[in-house]
Amino acid sequence: MEEILKIEHLTKSLGAKEILHDISFETYSGEVFGFLGPNGAGKTTLIKVVVGLLTLDHGRITIAGNDLAKQFEGALSNLGAIVENPEFYRYLSGYDNLVQYANMRGGIPKERIDEVVRMVGLENRIKEKVGRYSLGMRQRLGVAQAILHHPRLLVLDEPTNGLDPAGIKDLRDVLKDLAHKEGVAVMVSSHLMSEMEMMCDRVGVIANGTLISVHPIAELVSAAGIGREEFVITLDDAKKGAEVLSEAFGIEILPTEDGAIDLVFPKEEALASIAKANETLVRAGLSLYTVSKKENKRLEDVFIELTGGEGQQIG
Amino acid sequence: MAKFCRLIGNEWKKQFSKVATWIMLIFLTAVTLFSSLIGNANQVLESFYTPENYWQDDLQRAKQNYEELKSQYGPDEVWVKTAKVEVDYYSYLIDHAISSDDWRYETRWSSNLPDGERSGNIIHEMIYATVFEEERAAKLSAMVENKDLAAYYAWTFEDVLKDSDPERREIYEWAYRYLIDHSIEPTSSDWRYGTLNEVVGAKFTKLDQERLQKEGLAGYSEVQYNRAKDQITLGVYRLDHNQERNPADSFEPVSSDIPEAFRAIFTLFEGGDGESPFWNSMLYSVTFLEYVAVLCIVIGGSIVSSEFSAGTIKFLLINPARRWKILMSKYATTLLFGVLATTGVFLLSFLMSLAFNGTVDAFRPALSVKGGEVVTTSPYWLLFVRYLSASVKVLVMTTFAFALSALSRSSALSIGISLAISFNASIVVMIMQLAGLDFARYFIFANWDFAAIVNKSTGFVHHSLPLAIVIVALHLVVLIWTAWDAFVRREV
């Protein structure tokens, strides 16, 4: 896998406030990199620095081998992006807007414009003035604009904003195809964990301007406990119950401090196992008060846990 | 470079896709056409004038007047007779079908050529004589009835050809011969009469100056002497080469008291002998660059800030084009608009001037005298220099609007302030100059009218062109640097 975007020790202040603090990571061709963080974490600032809208204070950004500060045009010719809301010239048609970008980037044949219009599903409306587009249509046009010149790095800031569920799915497919089939390095920012799960191969978590961790998505999913079920049993004698169950399941089970028993089973055998546990306890002559299923830890909890519970408060 | 051209192409496309641009272009065309009509006002008014029935009204008025006086005082009072002269006069004009441009009707009064001590035209003179002086009447009526120019000149030159001063006599003899030999009619429709009159006047001035110098008297002025000499050279050249009007006259400063801006409209109605209405109207078209300035200020004042207000700036800047290229392509597009609008204004004015004045003057060379020789220049070059000079203000104000737009990111602010300055700056400087605040001469607003500085009509003494050029260049550099700093270095 080829390294496309390389960020080294990036620091950025706006005014007296340090927005980004010593951020380093890479994205590779053929992967969708998710960039996850609560509002105000610095996602948009980071993206603006990467696409050259903001200058960096310290550090170095390289896009496809071009130093952003020194080889600006070389770096940006390998980059396609949507930053914040997709805004276009409202008095031009969607097609003419794309022609504007084609002219600025150079060497883009007319067929390529038609091709990207088909890819984002705008063929029927492309000759209309952008002023009459909905947010979703502008988002699609934004994607078309971003991939027009076959960039090796695609940076999308909350690209699913304003899209309907079908649109989100379409976009997901387009991005996955670009990454997995055409070898584009895709970087997507979002504050929606579930969206990331479906789209990304790796996820970087940012909070308060610091990159906390970078995980393959599978790791996060397992950390969220998906695929297990957990039960809590209250009864008259927790200590004895634990002993009986340890014997029946062949693993060591200990009672909790508040006099209950926690049981964790793989999802597929959960029901059979809990039935077996109940039967075992009753046969041992214990009085069963309640058996309740514990809710799964959701991805959002992992997210909040990872970001140190800062999600609620912007600052 | 190819990329820069593509960037300009993009800006061009954007501007022409805006309704506002088209409205402004239509407005510019309309005001140019309308102002051109004013610029050709003389011709426009003349086209409404019909000489038929012209005398009829006068005749009826004269008759009514005469009848009233006669019934009151009887037919033998002097003023009743004078009133009768008027009736006979208009009747004669109608009966003999004499039009208003007939030399006998329009016999021109001249300051330097003798005119037989006439009180009006010679037809009137003749009718008057038939009533009051019988012996003059015979002589005049022979002249009038036979359209006898030679007799007319013989009559009018009779006294001056006997002038006791041989040098003065020589001048009159020359004029007399010239008039007879070339059958020049004493009317304003024959331009040669007026030109000859000017040459004779200059000859007298030259003669006077020569005598003052010879006698060492005060009042000799070398400037006046040389001017008279040049006038003679130029006048004789025009007479000999049959060049009716001299386009160069339209470009001469009228008076140092009149600011350049007003001079153009002044010449429209006060054209002298030899001045060309065609070139007066073309010179007037230079003032239309004020409208071009409005167009350029509106475009320059919004071309950067509109990207910010529409939010499209982010998508503009994430392209592989350095920011200064984007900024300069916008500046170049604004200036290109100005150049094209100026060309359009010129072409429209040219067509209008041709339509009202015909093609004759369009191909006449501008004549001037240098070192005693007549030099021909293209009047289009003289006009181009005026356009260039007037463009300086447009350039400065457009650059100002552009820089303000990049700095403030507000179209309304940039356009509003720039237009206000553009309209009022010259007046403010003029007021300061009148109030004796001499430092106003260093203001950019006092230095962008190069033609006025060259013609010494800015009001400031010793106003020098090199200093003006330095001041303008300095302002342009600072303004562009401001725009550059605001756009290239600022964070989005």
Side-chain angles (χ1 to χ4, degrees), chain A residues 12-15 44-45 47-57 63 66 68 71-93 96-108 129-131 138 141-142 145-146 148-149 151 153 155 157, chain B residues 1-25 298-299 302-330 332-333 406 409 411 484-492:
Chain A
K12 172 70 189 171
S13 300
L14 289 176
T44 297
T45 307
I47 281 176
K48 280 184 167 183
V49 174
V50 169
V51 300
L53 288 176
L54 295 176
T55 53
L56 37 74
D57 298 342
I63 298 172
N66 298 284
L68 184 64
Q71 296 141 292
F72 181 82
E73 291 189 0
L76 262 72
S77 56
N78 285 298
L79 167 85
I82 303 179
V83 183
E84 292 175 320
N85 300 319
E87 300 287 359
F88 294 93
Y89 302 107
R90 304 177 76 84
Y91 46 83
L92 292 180
S93 69
D96 284 342
N97 266 289
L98 291 179
V99 170
Q100 289 264 322
Y101 294 106
N103 285 339
M104 280 188 273
R105 289 157 195 176
I108 295 169
K129 291 234 183 334
V130 171
R138 278 189 280 134
L141 191 61
Q145 163 281 131
L148 188 61
H149 53 303
L153 173 66
V155 177
D157 191 10
Chain B
M1 200 58 209
K3 180 184 270 177
F4 192 68
C5 291
R6 287 204 304 269
L7 288 176
I8 292 180
N10 269 359
E11 294 300 330
W12 198 251
K13 165 87 184 161
K14 279 189 258 178
Q15 289 302 328
F16 274 106
S17 302
K18 287 181 186 169
V19 183
T21 309
W22 286 103
I23 292 176
M24 273 196 303
L25 286 175
V298 171
I299 289 174
S302 61
I303 197 164
V304 176
S305 42
S306 67
E307 299 274 2
F308 284 96
S309 55
T312 46
I313 187 71
K314 290 184 294 248
F315 287 80
L316 186 66
L317 296 183
I318 56 169
N319 285 285
R322 286 203 156 270
R323 283 197 195 178
W324 67 264
K325 282 186 194 164
I326 291 172
L327 182 74
M328 284 300 117
S329 73
K330 284 178 176 295
T333 303
R409 300 176 181 182
S411 309
W484 190 290
D485 187 62
F487 189 80
V488 177
R489 288 190 25 209
R490 260 224 239 151
E491 310 207 293
V492 177

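Within every chain, numbering begins at 1; the chains are lettered A, B, ... in the order of the sequence lines, protein sequences first and strands thereafter. Note: hydrogens, waters and symmetry copies are ignored here, and every other heavy atom, side chains too, is used.
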Checklist entry - Which value, rounded to the nearest 0.5 Å, describes the distance between B:N10 atom CG and A:D96 atom CG? => result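 One gets 10.0 Å once the value is rounded to the nearest 0.5 Å.
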Next on the checklist: Could you measure the distance from the CG atom of B:L317 to the CG atom of A:L53? Nearest 0.5 Å is fine.
Outcome noted: 6.0 Å
Next on the checklist: Report which part of A:L14 has an atom under 4.5 Å of a heavy atom belonging to chain B: side chain, backbone, both, or neither.
Outcome noted: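 It is the side chain, since no backbone atom gets that close.
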Item to check | Atom group of A:L54 that falls short of 4.5 Å from chain B, counting heavy atoms | outcome: both
Next on the checklist: Less than 4.5 Å to any heavy atom of chain A: does that hold for the side chain of B:L7, its backbone, both, or neither?
Outcome noted: side chain
Checklist entry - For B:L316, is it the side chain, the backbone, both or neither that has a heavy atom under 4.5 Å from a heavy atom of chain A? => result both
Next on the checklist: Looking at A:Q71, is its backbone amide N or carbonyl O close enough to the side chain of A:N66 to form a donor-acceptor pair, meaning the two atoms are under 3.5 Å apart?
Outcome noted: no
Checklist entry - In terms of side-chain heavy atoms, does A:R138 have a donor or acceptor partner in A:Q145 at a distance below 3.5 Å? => result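 Side-chain D/A pair, A:R138 to A:Q145: absent.
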So which of [options] has the biggest tally of heavy-atom pairs under 4.5 Å with chain B?
options	result
A:G74, A:P86, A:G142, A:A146	A:P86
A:M104, A:H149, A:K129	A:M104
A:E73, A:R105, A:K48	A:E73
A:N78, A:V99, A:T55	A:T55

Checklist entry - Can you tell which of B:K3, B:R322, B:E307 has the highest number of heavy-atom pairs within less than 4.5 Å of chain A? => result B:R322
Checklist entry - Top residue by heavy-atom pair count (under 4.5 Å) with chain A, among B:R323, B:R6, B:K325? => result B:R6
Next on the checklist: Using a 6.0 Å cut-off, check whether atom NZ of B:K18 has over 12 heavy atoms from anything other than its own residue.
Outcome noted: yes
Checklist outcome for this item: Of all heavy-atom pairs linking A:L79 and A:P151, the shortest is C-CB, 3.6 Å
Next on the checklist: Does the plane of the ring in B:F315 sit parallel, tilted or perpendicular to the ring in A:F88? Use 30° and 60° as the thresholds.
Outcome noted: tilted
